[in-house]
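Accompanying notes for the structure given below.
So you know, we letter chains A, B, ... as the sequences are listed, proteins then strands, and number each from 1. Scope of the values below: all heavy atoms of this structure, side chains included, with no hydrogens, waters or symmetry mates. These numbers were taken from a predicted model, which means no experiment stands behind them.
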Amino acid sequence: TSVTVDFRTHVDQSCRYSEEFVNIYYDCMDKKRRNLTRLYLDKATLVWNGNAVSGQDALNEFFESLPSSEFQLQTLDCQPVHEQATQGQTTLLVVTGGTVKFEGNKQRFFNQNFLLTLQTEVQLI
Amino acid sequence: NRKGKGSNKGRSYDRSRRDRQRGSQSGGFGGPGPRSRLEDTDADVTMSDSSQDNSSQHRLKYDKKWLLPALQNICSVPFTAVQVRFCANRVHFYVDESSVATALHKCTHKITDTDGYKVIFYIESSCCLLFLSQQCMAKRFDGSQQALDLNNIRTDPDLVSQNIEVVLNRKTNMEAVMKIIEENIPELTGLNLSNNRIHKLDELTNLVTKAPNLKTLNLSHNELKSDRELEKVKGLKLVELWLNRNPLCDLFKDQASYISAVRQKFPRLLKLDGHDLPAPIGFDVETPTIIPPCKGSCFGSDEIKVLILQFLTQYYSIYDSGDRQPLLDAYHDGASLSLTTPYSTQNPSRSSLGEYHKDTRNLKRIKDSTVRFRLLKHTRLNVVAFLNELPKTQHDIASFNVDVNTFTNTLLSFTVSGVFKEVAVDGKSRESTMAFSRVFVTVPAGNSGLCIVNDQLFIRMATTEEIRRAFVAPAPTPSSSPVPTLTAPQQEMLTAFSQKSGMNLEWSQKCLLDNEWDFNKAAQVFTQLKTDGKIPEVAFTK
């Protein structure tokens, strides 16, 4: 028998996971860029300002080619994704917003969102 | 001390050949001939003390007076030492015939110094001769390409036949080669050092300054053990590099980390180990500064595009209609929705986003789990009830940008961004334009439609640029100036900025626009650009 977690607990957990995830993600993005692709599943797709990048190799190259960054996270929201969409695989929708300064560019606002699938570690679809 | 047991072959040069070469531009070298300044550095024969004592006292022992006559006595070939140099416990003296060098070498261990130690001769090749050996150079230096090929130079028949040994993993040999390059072919663009058992790159460091045009470097098939060796030459602006068949290649877990480690040191690199790399992006700086250009919607496929556009058209026509109740059909029973606005210290009642601020769910600012839970609207009834309370809107569907995040058999998630106007309901003329970013997670619905399971909405004020580009359909009243109408405070700011900067109104406005009407920021940016000389004259013509 499967254990059904009540919705409230689900939401609480999602919030905690998402907070932890974004800390790791933006820390990697700013300081350990090479580790970033470890957070992505091999079949993950990133769409960045309309540029689609998929697969670990392409993701690696993409992140290497981005200038060094300084992200300031200002907003964070998270929802557990309904199981009907995920066939039972626990998934979170994480939405972030804030400002980012890429080296050589002026500071801009950004919005970003992630779909996280919880496996043994947090991964990104 | 190295005791060359006959493995080092001296090389002297043939004086007659030197004469032929002097001052000539041809002689096997294309392009400008290398300058011959090699009279001084010829074959050298080094003597060393078998006692291995490095004390400077030894210097005194090698007094020309007794040594040279002693040598003359036993050496099979008469010679004149062109130059004698004493250093530490060695004596370097220069002879100009390879046969002499060989003969001297044979004298090793045959002379006993005043302390009773045998004098050992060994010969260091100084590679200048490599240079002068026309045959060898002619085939290895391509003047038209300014490229020098020293691949496996140790076995080169032209050198071997003259007993000239060029062993590049020896410091002195490599130093000599570098010196030749510096002094004679400093415009070198390509250098091939492959297959020379090289394990260190210390001697190549000066190439960075002495051969600044070097773009291609081949270090393949050597003994380099770590990519840290490359640090010694990382000032080179290499475009092509060969490192394969070095132990260092095995240290990387995959191709990507190998390439990335190499590229960190040589950001301009276009080709590694013969393979093209994607073009690096950036200017003359070490790190990239260009971010990928912003492209439009990214649907992934035409079918999905049609599906989503159809969905959005339907959704927003209801959303903007004044009654959002029919949206119940768009949402799944167990749907969730939440709203986020940017953090603002502004009094919510005075902000155009006030209506949205009170329901903002921002986990960075709200830590109480009950509040967090309450702010998440759950079940479609709650979702739609909430949406119905939000201000009436008018969305500019033409401005929408859609990016598909992911899709599977059971899930289609996409992000929509665009602008909308808040429609003034009660005659108040204040009309705000807002920008939004909305993530929809949907499941397939019966009639080839979509059903929303998760809906996350982010709303902020639109930027001037966004406002200008939005709602283009109703044509603005034609005016002589191409600029959009400004508010009174903006007009004031513009006049002040134009005065202070000296730029005309058009350029002042552009600067202010680019900096979100932040006067101080715009002023800073302007000052920096001006110092960098990046502002064209035309900006100042009134």
- [ ] Against chain A, label B/S336 side chain, backbone, both or neither, depending on which of its atoms sit under 4.5 Å from a heavy atom there.
- [x] both
Open item on the list: Using side-chain heavy atoms (C-beta onward) and a distance below 4.5 Å, is A/K106 in contact with B/V525?
Closed with: no
Task: Toward chain B, the part of A/F109 with a non-hydrogen atom under 4.5 Å - done: neither
TODO: Could you tell me which non-hydrogen atom of B/L337 sits nearest to which non-hydrogen atom of A/Q79, and how far apart they are?
DONE: C-NE2, 3.5 Å
Task: Separation between CG of A/N111 and CZ of B/F436, rounded to the nearest 0.5 Å - done: 11.5 Å
Task: Proximal component of B/D455, with respect to chain A [non-hydrogen, under 4.5 Å] - done: backbone
TODO: State, without any angle test, whether A/Q84 and B/T410 hold a side-chain donor-acceptor pair at a distance under 3.5 Å.
DONE: no
Open item on the list: Is it the case that atom CD in A/E20 sees more than 12 heavy atoms from other parts of the structure closer than 6.0 Å?
Closed with: no
- [ ] Using only heavy-atom distances, determine whether the side chains of B/N362 and A/D77 contain a donor-acceptor pair under 3.5 Å.
- [x] no
Open item on the list: Any non-hydrogen side-chain atom of A/L66 less than 4.5 Å from a side-chain atom of B/P292?
Closed with: yes
- [ ] Just give me the residue among B/H332, B/Q255, B/R365 that pairs up with chain A most often, heavy atom to heavy atom, under 4.5 Å.
- [x] B/H332
Open item on the list: Are more than 12 heavy atoms, taken from residues, nucleotides or ligands other than B/D368, located less than 6.0 Å from that residue's CG atom?
Closed with: yes
TODO: Examine whether an atom of B/V404 lies under 4.5 Å from a heavy atom of chain A, and if so say whether it belongs to the side chain, the backbone or both; otherwise answer neither.
DONE: backbone
Task: Distance-only donor-acceptor check, side chains A/N113 and B/T415, under 3.5 Å - done: yes
Open item on the list: Could you check whether A/R34 and B/Q264, counting side-chain N and O atoms only, form a donor-acceptor pair closer than 3.5 Å?
Closed with: yes
- [ ] Give, for atom CG of B/N454 and atom NE2 of A/H82, the distance between the pair rounded to the nearest 0.5 Å.
- [x] 8.5 Å
Open item on the list: For the interface with chain A, which of B/N409, B/T340, B/N401 has the highest count of heavy-atom pairs at distances below 4.5 Å?
Closed with: B/T340
Task: Engaged part of B/K367 at the chain A interface, taking heavy atoms whose separation is under 4.5 Å - done: side chain
Task: Enclosure of A/K101 NZ (heavy-atom neighbours >12, cutoff 6.0 Å) - done: yes
Task: Spatial distance of atom CG (A/L115) from atom CG (B/L411) [nearest 0.5 Å] - done: 6.5 Å
Task: Contact summary for A/G50 and B/C298, nearest pair of heavy atoms - done: O-CB, 4.0 Å
Open item on the list: Under a 4.0 Å threshold between the charged nitrogen and the carboxylate oxygen, would A/E19 count as salt-bridged to B/R372?
Closed with: yes
TODO: Check whether A/R33 gets within reach of chain B through its side chain, its backbone, both or neither, counting any heavy atom under 4.5 Å.
DONE: neither
Open item on the list: Counting neighbours of CD on A/E70 that are heavy atoms of other residues, nucleotides or ligands and sit closer than 6.0 Å, is the number greater than 12?
Closed with: no
Open item on the list: Please report the interatomic distance CG(B/L376) to SG(A/C15), rounded to the nearest 0.5 Å.
Closed with: 8.0 Å
Open item on the list: As an exercise: rank A/L73, A/N51, A/V47, A/D57 by heavy-atom pairs under 4.5 Å with chain B and give me the winner.
Closed with: A/N51
- [ ] Would you name the heavy atoms of B/K364 and A/T75 that are closest together and state the gap between them?
- [x] CG-C, 4.4 Å
Open item on the list: Atom CZ of residue position B/F407 - does it have more than 12 heavy atoms of other residues, nucleotides or ligands inside 6.0 Å?
Closed with: no
Open item on the list: As an exercise, state the distance from NZ of B/K521 to CD of A/Q107, rounded to the nearest 0.5 Å.
Closed with: 7.0 Å
Task: Steps toward side chain to side chain contact (heavy atoms under 4.5 Å, CB included) verdict (B/T406, A/T45) - done: CA-CA 7 Å; B/T406 194; A/T45 303; over 6 Å; no
Open item on the list: Is A/S18 close to chain B through its backbone or its side chain, or both, or neither, when contacts mean heavy atoms under 4.5 Å?
Closed with: side chain
Task: A/N60 CG to B/S260 OG distance, which is reported to the nearest 0.5 Å - done: 7.5 Å
Task: chain A contact via B/I259 - side chain, backbone, both or neither, heavy atoms under 4.5 Å - done: neither
Task: Side chain, backbone, both or neither of B/S257 within contact of chain A (heavy atoms, under 4.5 Å) - done: neither
Task: Exercise: do B/S369 and A/R8 side chains pair donor with acceptor under 3.5 Å - done: yes
Task: B/S338 portion near chain A, given a 4.5 angstrom heavy-atom threshold - done: both
